[in-house]
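Following: one structure in structure tokens, then a few remarks.
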Amino acid sequence: MSLARRSSTSHILLTLLLGVGLLSGPAHAASAVAETSAAGTQAISVEVSQPTPAITEEGPLRISVAVSALAPTDYLEVRLRLKSPSGRLVYQKTEIRSDLPAGRHIIEYEHDIAKLDLAQGRYPIEVRVLATDAETAVAESRLLVVDSDTPALPVALAVSAIDTPTVTFGGRFCTDPSNDSGLRGDLEYVAQLAMDHKVPLGLAVPPVLLEQYAHVAAGCETTAGVTIAPTDEPALRAAHMLQSLRSAADAGTVYFIDVPYALPDLAGLAEMNAAEDLAMHWAKTDAVMASVLRSAPHSKTAYIGPALSTAAVSSLEQRGASCILAPATAVSDGEDIATPGCYSLPNEDTRVLVVNERAALGASTGAEDFYDALFDCLEDGGPAVVMLELGPGGTHSAIDVQHALSWITNAPWLELSEIDSMVEAELSPDVALAPLPHSHAPGGYWSEIGAGRTAALAYSSAVGAEDIDARAVLQAMLVSESSLWKGTGDWASSARCLALTREAREFVEAQFSLVRLDATDVTLSGSKGNMPLTLINDTGKQLRLRLEVASSDTVHSQAPEYIDAQPTQNFLTIPLDLGNALSDEIEVSVHSGDLTVAESTVRVRASYVDRLATVGMVAVVLIVLLAVIRRRVLAPVAGSILGDSNHTERTNGRK
């Protein structure tokens, strides 16, 4: 079957599914809580439903009660009560039926509530059912009354995609793309959903996953030796999904929320002191979006995961992001977690949009929960962002996205909007970032990721970030930092991540093992001189390395010097000054980043002839000085002796 025919068939099936979903959407929107009661051989169940999720104060009130009886019943009594939010009885009506067969029976209630003068609010509904040979059954629901003058609540619907990276350091897939995880189909489904309804839908997809699909579409190979050509079915499906995303983005129905390349684990980055890596994640995001989707993210809104950090917020401000999507647990409003809405961070320009997690849960549990959560937002007067998570281990399915979309568009008091429009121009309440949660990765996980990171940065520093091998090791580093590896929290894929980072680190170690220092012991002609040194670089690439020379006497240590080591041999000379020392041990090493590439220890001596000459000169000087001193001392002594003799002779003459 040709690609065009397959695409046409897929589109027809998708359209049919969308049609079925839309037909079932309002019915789901009307479902409510059901209770079951049984006594003897009779059992009854009760379900309350409404054709619309909310009504205005002018009504009318329409409620359907479905009673299912296991056996025939002689008597059936259904009483409906509508109460005010404070608990006061507002409306009551009882319907009685007799001689009913087993099965499902529908009882309709309709009332003009305009004369009740109901204010906006949530009105509890209680349905009590009595039947022959059955215990009393009670079902509860509620009526949402929206004032006709109340502005529609802006609601943004966003989809977050999660999956585990599967490309190895060598560029092959560790799993067969033919065994798709389901995320590809989900993304194509929601893109078509937005296109068909012509409504804005936000997608928060880590670019590393989009890059993988592009890799499959171009043809790939697995570690098991399976080769997939661009014309094979898995490649065609991946290409079709990417084209669907491009078409939806071009039509303006899908916009991409800004996500760092591999959605890094902020707790892990903090543990490794690697917050600066966020800049590389953002740069990689721009590159992937431009190459795979031929566009930059359309939204000024960013999503960086379930937690926030000061470094992450700063990186977003540098990108000019207007707001960040985050769960309530990521920020705190005083002593409590923040409720859904738009908030400001002190001394920051970027706002925080706290998503409505109750509404997101309601997308999978039922329309009543979904509408209740959004009605609370309507009461509070704030915007609502509903974020649904798709992918293996995700909390939602593509059908949940369809239901949420249908429920929003079917409610006049809700207005589907883009996220960027929800950032309030006026001052929003301040919130503080919640403490970054501790990573629950397996023991030693981040230390090993950190070792791989050190190797990757060192290699990139040596050969340059644009080198093809440097790009590969840096990409492996960024992917290994991803939060996608933790899955649902069990870190089941952590071994695969560690294998990725080890493979990249071993490549770097193998490259740097080709660099060595060749040096022999040296005797200088004097206390100063040059020490010859050969740096052998067999990597075949020019390396930018840091040369460090240190003496056992730290006084003689030198400042580091950067050298460009050409392939093969590099002849260097290192100036030395031993001072008064006869010999010293010189430690020579070359480094890149925080990694030592090669090192050597050289014994350096000063020439003995030079030293003997120095000693001889000192001895001669000392002898001369001694002679001079002796002569100066003996002359005055001789003069004293001569004077004393003359005095004696004169004395004797006088006698």
Minimum heavy-atom distance between E389 and G393, given as atom pair plus value: OE1-O, 4.3 Å
Checking side chain to side chain contact (heavy atoms under 4.5 Å, CB included) for the pair H281/E481: CA distance, chi angles, key distance, verdict? CA-CA 10 Å; H281 280 274; E481 295 174 346; 3.0 Å; yes
Nearest heavy-atom neighbours spanning V190 and L187: CG2-O, 3.3 Å
Report, as yes or no, whether the 6.0 Å neighbourhood of atom CG on D430 holds more than 12 heavy atoms from other residues, nucleotides or ligands. yes
Indicate the ring-plane relationship of H440 and H438, choosing parallel, tilted or perpendicular according to the 30° and 60° boundaries. perpendicular
State the CE-OG distance between M387 and S160, to the nearest 0.5 angstrom. 4.0 Å
At what distance, to the nearest 0.5 angstrom, does CG of L143 lie from CD1 of I125? 5.0 Å
For I55, does its backbone N or O pair with a side-chain atom of T52 as donor and acceptor, under 3.5 Å? no
Would you find a donor on one side and an acceptor on the other, under 3.5 Å apart, between the side chain of Y343 and the backbone of S332? no
Shortest non-hydrogen separation from W446 to S439 and the atoms involved: NE1-OG, 2.8 Å
Could you walk me through whether L210 and L293 pass the side chain to side chain contact (heavy atoms under 4.5 Å, CB included) check? CA-CA 9 Å; L210 295 174; L293 296 179; 3.8 Å; yes
Name all residues meeting the side chain to side chain contact (heavy atoms under 4.5 Å, CB included) criterion together with A330; count only those two or more places apart in sequence or in a different chain, and write none if there are none. L308, A326, P327
Cut-off 3.5 Å, no hydrogens considered: what does the side-chain donor-acceptor table look like for residues 266-280, sequence neighbours left out?
from	atom 1	to	atom 2	distance (Å)
E276	OE2	R453	NH2	2.9
D277	OD1	R453	NE	3.4
D277	OD1	R453	NH2	3.1
D277	OD2	R453	NE	2.6

Tell me if the centroids of the rings in Y445 and W491 come within less than 6.0 Å of each other. yes
Looking at E188 and R237, does any basic side-chain N land under 4.0 Å from a carboxylate oxygen? no
Smallest separation among heavy atoms of T285 and P260, with atom names: OG1-C, 3.3 Å
Under 3.5 Å, is there a donor-acceptor pair between the side chain of Y255 and the main chain of E418? no
Minimum heavy-atom distance F370-A363, with the two atoms named: CD1-N, 3.9 Å
Would you sort out whether D376 and R358 count as a salt bridge (Lys or Arg N to Asp or Glu O under 4.0 Å), showing the intermediate values? CA-CA 10 Å; D376 286 343; R358 278 183 57 207; 2.6 Å; yes
What is the distance from atom NE2 of H403 to atom CG of D400, rounded to the nearest 0.5 Å? 7.5 Å
Short question: side chain of H197, backbone of L193 - any donor-acceptor pair under 3.5 Å? yes
So V155 and E415, side chain to side chain contact (heavy atoms under 4.5 Å, CB included) or not? Walk me through it. CA-CA 6 Å; V155 180; E415 179 182 3; over 6 Å; no
Is there a salt bridge (Lys or Arg N to Asp or Glu O under 4.0 Å) between R319 and D286? Walk through the geometry before answering. CA-CA 11 Å; R319 287 181 68 79; D286 294 338; 2.9 Å; yes
Between H215 and F173, is the ring centre distance below 6.0 Å? yes
Can you tell if the side chain of Y303 reaches within under 4.5 Å of the side chain of I324, non-hydrogen atoms only? no
With side chain to side chain contact (heavy atoms under 4.5 Å, CB included) as the criterion, how do R62 and Y109 come out once you've worked through the C-alpha distance, each side chain's angles and the decisive distance to 0.1 Å? CA-CA 6 Å; R62 293 189 181 94; Y109 291 86; over 6 Å; no
In Å, rounded to the nearest 0.5 Å, how long is the span from CG of L116 to CG of L61? 8.5 Å
Can a side-chain donor-acceptor contact be found between Q120 and T150 if the only test is distance below 3.5 angstrom? yes
